[in-house]
Amino acid sequence: MASNAQLGKIILIAAIAVFFYYFFWVAVLPFMLIDEGNPIRLFFPPLKYAFIVPTVFGVIFLGGIAAFSFYHIWNLKVKRD
C-alpha cells in the first residue's frame, strides 16, 4: 500500500498530465498548421468536446456539492426537531 506522500505524488503527476493534455488540446492544437490526417490529431477528440466535457463534469460536481449540503442541512434540521 502506498503511503500518503507517494499517493499525493501520483495524484499530482496525474493532475499535471491532464492539465498539459487539456492545455495542448485547447490552446495549441487549434493553431497548429497541420493536416487533419496528421497522427497528432488522432490523440485528441474534436475541439467541441473540449468545452462540453468540462461543463458536464462541472455540473455533476456542483450538483454533488449541492446534494451533500442539502442532505446535511436536512439532517441538522431533523435532529433539532
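Below, all heavy atoms of this structure are taken into account, side chains as well, without hydrogens, waters or symmetry copies.
Counting heavy atoms of neighbouring residues, nucleotides and ligands inside a 6.0 Å radius, atom CG of N4 does not exceed 12 of them.
Annotation for Y71: hydrophobic cluster partners, listed by chain and number, are none (ILVMFWY side-chain heavy atoms under 4.5 Å, direct or chained). Grouping Ile, Leu, Val, Met, Phe, Trp and Tyr residues whose side-chain heavy atoms lie under 4.5 Å apart, directly or via other members, places L62 in a hydrophobic cluster with F61, I65. Membership of the apolar cluster around I16 extends to L12, F19, F20, as traced through chained side-chain contacts below 4.5 Å between ILVMFWY residues.
Across R41 and M32, no two heavy atoms sit closer than the pair NH2-O, 3.9 Å.
Cluster membership check: V59 does not share its hydrophobic cluster with Y49, using side-chain heavy-atom separations under 4.5 Å among Ile, Leu, Val, Met, Phe, Trp and Tyr. In the hydrophobic clustering of ILVMFWY residues, with side-chain heavy atoms under 4.5 Å counting as a link, I13 and Y22 come out apart.
The structure places CG of N75 at 12.0 Å from NZ of K77, a figure rounded to the nearest 0.5 Å.
With sequence neighbours left out, the ring-ring contact (aromatic ring centres under 6.0 Å, His included) criterion links F57 to no other residue. I73 meets the side-chain contact (heavy atoms from CB on, under 4.5 Å) test with no other residue; sequence neighbours excluded. For F24, the ring-ring contact (aromatic ring centres under 6.0 Å, His included) test picks out F44, with sequence neighbours left out.
Taking 4.5 Å as the limit, every side-chain heavy atom of P30 sits out of range of all side-chain heavy atoms of W25.
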Pair L29, I34 - check side chain to side chain contact (heavy atoms under 4.5 Å, CB included), show working. CA-CA 9 Å; L29 193 63; I34 56 176; 4.2 Å; yes
